[in-house]
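Below you'll find the structure, written out as structure tokens, and then a few comments.
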Amino acid sequence: MIAVGLLDWRDSQHFDDSGDKPCTQCRGTTPMRSHAGEPVHKVCAEDWNDRNPDAPRQQHEGRDLGTARYHSDPARKRR
């Protein structure tokens, strides 16, 4: 089993200031969005990843970022 753990969603694309929408996992409201714009709490996305270890993976430069549905932001280049 691949363990990704906590997702890194620091980028502002993960916050929608147009208003809360129901989380696709728990139905509670959230301003958070996945990379695909899906309303989801970060903790719900992490839980989904843990419960779906065989889901297709998202990779960046050989590093596992999580499932294709819910994955971490790629690491930023250091200057």
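If you're wondering where the values come from, they're calculated on a predicted model, not measured in any experiment.
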From CA spacing to verdict: side-chain hydrogen bond (donor to acceptor under 3.5 Å, both in side chains), Glu38, Tyr70 = CA-CA 9 Å; Glu38 181 179 359; Tyr70 302 126; 2.9 Å; yes

Should Arg69 and Trp48 be marked as a side-chain contact (heavy atoms from CB on, under 4.5 Å) after you check the CA-CA gap, both sets of side-chain angles, and the distance that decides it?
-> CA-CA 9 Å; Arg69 184 174 186 185; Trp48 189 92; 3.2 Å; yes

Stepwise side-chain contact (heavy atoms from CB on, under 4.5 Å) test for Thr67 and Gln58 | CA-CA 5 Å; Thr67 64; Gln58 180 77 16; over 6 Å; no

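If you take NE2 on His60 and CG on Leu65, they are separated by 7.0 Å, rounding to the nearest 0.5 Å.
The shortest non-hydrogen separation linking Ser72 to Leu7 is OG-CA, 3.5 Å. When all heavy atoms of Gln13 and Arg33 are compared, the closest pair comes out as O-CB, 4.2 Å. Among all heavy-atom pairs drawn from Gln25 and Cys44, the shortest one is CB-CB, 3.8 Å. Residues Leu6 and Lys42 approach most closely at CB-NZ, 4.4 Å, considering heavy atoms.
Between His14 and His35, the distance separating the two ring centers is shorter than 6.0 angstrom.
A single hydrophobic cluster is not seen to contain both Val43 and Phe15; linkage of ILVMFWY side chains at heavy-atom distances under 4.5 Å, directly or through other members, places them apart.
In terms of the ring pair (Phe, Tyr, Trp, His ring centres under 6.0 Å) criterion, His41 has no residue partners (sequence neighbours excluded). Residues passing the salt bridge (Lys or Arg N to Asp or Glu O under 4.0 Å) test with Arg10 are Asp8, sequence neighbours excluded. Remark: Asp20 engages no residue in a salt bridge (Lys or Arg N to Asp or Glu O under 4.0 Å) (not counting sequence neighbours).
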